[in-house]
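Below is one structure; the comments refer to it alone.
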Amino acid sequence: MQLSRIAVAGASGLIGSALVRSLTADGHEVLRLVRREPRDDTEVRWDPEAGRVDTAGLAGCDAVVNLAGAGVGSRRWTEAYKTRIHDSRVNGTRALAEAVASLDEPPRVFVNGSAMGYYGETGDQVVDEDSPAGQGFLPELCVEWEGAAAPAQQAGVRTAFTRTGLVVGRGGGAWGKLFPLFQAGLGGRMGDGGQYWSFIALHDEVAAIRHLLETDGLSGPFNLTAPQPLTNREITEAMGRVLHRPTLFSVPAPVLRAVLGEMAGDVLGSARVRPTRLLESGFTFAFPDIEGAIRAA
């Protein structure tokens, strides 16, 4: 599919900013959704928590990408912050989907963010897009988050969901916090290190989103994770090898729970996620292994 005008919500985040750079470099016109008064005609006003979008600003778009949402790992999960996480994703998605559906000429594709948190705790079991949702805050959030895109789907807009893993990048997310620790020689495993971490290089995350945008017929959920998930212990060892730093430290599970509260479950939990549908669609990973992903970052 040939695209030229693409609106991106969450354009200032780790993934969104990299996606905007990639699209712009290839000559696409990119509109950024912003919460303040737009500075020029490349920005569209919206308020995701309140569910408001300047629908007229989306007119003529070939595609809309929604990557917006309060950071899951940004702070301790108080009840107030969990509400903010929920509203920023669910209300924002519903507002965009309704705006897309209301256009006289809707965009051809709507790519909406989601997360591998959909599956919850998986232990050693491999899960893919056919696996059911897990239980708890993140799985329930992801189910509602994806469900909020229904207006776009009902309007006949091809809609895909990106169930993204842990993105290996320097500019934010989990690895944005891990890199400084490991470079200082303070890195180590979390808990017993046996939990699976499903990761993806930032380069591959952006390439996968573009693959979903540009390939006709791709809809529904896609796991954006590297083909072979690794344990936290294996990833810790790889970080040490690539950065040439010791990895002697470890953070016991009780300490993580005391410091992070409920969010510790996400750090200590195991998610062994395979990108079955993405691979079947013909996507090729540039950095399928963890050392390559770390070096790329």
Under the 3.5 angstrom rule, does the side chain of Glu146 hit a backbone N or O of Ala148 as a donor-acceptor pair? no
Rounded to the nearest 0.5 Å, the CZ atom of Phe182 sits from the CZ atom of Arg245 at a distance of 12.0 Å
Between Asn66 (side chain) and Ala68 (backbone), is there a donor-acceptor pair under 3.5 Å? yes
In this structure, would Val20 and Leu33 fall into the same cluster of hydrophobic residues linked by side-chain contacts under 4.5 Å? no
With side chain to side chain contact (heavy atoms under 4.5 Å, CB included) as the criterion, how do Leu96 and Phe110 come out once you've worked through the C-alpha distance, each side chain's angles and the decisive distance to 0.1 Å? CA-CA 9 Å; Leu96 270 178; Phe110 180 39; 4.2 Å; yes
Distance check, rounded to the nearest 0.5 Å: Leu166 atom CG versus Phe199 atom CZ? 10.0 Å
Kindly write out the residues that satisfy salt bridge (Lys or Arg N to Asp or Glu O under 4.0 Å) with Asp26, not counting sequence neighbours, or none if the list is empty. Arg210
Could you pull out all residues at least two apart from Arg36 that satisfy salt bridge (Lys or Arg N to Asp or Glu O under 4.0 Å)? Glu43
Taking it one step at a time, do Asp62 and Arg108 satisfy salt bridge (charged side-chain N to carboxylate O under 4.0 Å, His left out)? CA-CA 6 Å; Asp62 300 301; Arg108 287 172 284 172; 3.2 Å; yes
Report yes or no: does Ser198 contribute a side-chain atom to a donor-acceptor pair with the main-chain N or O of Gly165 at less than 3.5 Å? no
Is there a side chain to side chain contact (heavy atoms under 4.5 Å, CB included) between Phe137 and Lys82 once you walk through the steps? CA-CA 8 Å; Phe137 173 66; Lys82 285 165 68 175; 3.7 Å; yes
Whether Thr24 side chain and Arg21 backbone form a donor-acceptor pair below 3.5 Å: no
Is there a donor-acceptor contact under 3.5 Å linking the side chains of Glu237 and Thr247? no
Side chain to side chain contact (heavy atoms under 4.5 Å, CB included) for Met116 and Val127? Distances and angles first, verdict last. CA-CA 10 Å; Met116 70 175 182; Val127 295; over 6 Å; no
Where do Asp54 and Arg45 land on the salt bridge (charged side-chain N to carboxylate O under 4.0 Å, His left out) test, with the steps shown first? CA-CA 6 Å; Asp54 177 10; Arg45 181 77 178 269; over 6 Å; no
Between Ser281 and His211, which heavy-atom pair has the shortest distance, and what is it? OG-NE2, 2.8 Å
Got a donor-acceptor contact below 3.5 angstrom from the Arg170 side chain to the Trp175 backbone? no
In this structure, CG of Asp128 is separated from CG of Leu278 (nearest 0.5 Å) by 12.0 Å
Contacts of Glu144 meeting side-chain hydrogen bond (donor to acceptor under 3.5 Å, both in side chains) (sequence neighbours excluded), chain-then-number -> His86
Does the side chain of Gln135 come within less than 4.5 Å of Glu121's, by heavy atoms? no
Looking at Arg94 and Glu98, is any side-chain nitrogen of the basic one under 4.0 Å from a carboxylate oxygen of the acidic one? no
Can you find a pair of side-chain heavy atoms, one from Arg241 and one from Glu291, that are under 4.5 Å apart? yes
Does the ring center of Phe285 lie less than 6.0 Å from the ring center of Phe287? no
Gln183, CD: over 12 other non-hydrogen atoms inside 6.0 angstrom: yes
Can Asn223 and Thr225 be counted as having a side-chain donor-acceptor contact under 3.5 angstrom? no
Please say yes or no: joined through hydrophobic side-chain contacts below 4.5 Å, possibly via intermediate residues, are Leu178 and Ile290 part of one cluster? yes
Determine yes or no for a side-chain-to-main-chain donor-acceptor pair under 3.5 angstrom, with Thr164 supplying the side chain and Ala115 the backbone. no
Establish, from distance only, whether the side-chain atoms of Glu29 and Ser4 form a donor-acceptor pair under 3.5 Å. no
Assess the residue pair Phe161 and Leu212 against the criterion (side chain to side chain contact (heavy atoms under 4.5 Å, CB included)); give the C-alpha distance rounded to whole Å, side-chain angles, the decisive distance to 0.1 Å, and a yes or no. CA-CA 9 Å; Phe161 303 99; Leu212 296 178; over 6 Å; no
With the side chain counted from C-beta on, respond yes when Tyr119 and Glu129 share a heavy-atom pair under 4.5 Å apart, and no when they do not. yes
Say whether, by atom type as modelled, one donor and one acceptor occur between the side chain of Arg158 and the main chain of Leu218 under 3.5 angstrom. yes
Are the side chain of Asn232 and the backbone of Met190 linked by a donor-acceptor contact shorter than 3.5 Å? yes
Indicate whether any N or O donor in one side chain lies under 3.5 Å from an N or O acceptor in the other, for Thr93 and Trp145. yes
Same hydrophobic cluster for Leu224 and Leu279, using side-chain heavy-atom links shorter than 4.5 Å among ILVMFWY? yes
With a 6.0 Å cut-off (strictly less than), is the heavy-atom count around CG of Asp104, excluding the residue itself, greater than 12? no
When rounded to the nearest 0.5 angstrom, what distance separates CG in Asp47 from CG in Asn91? 9.5 Å
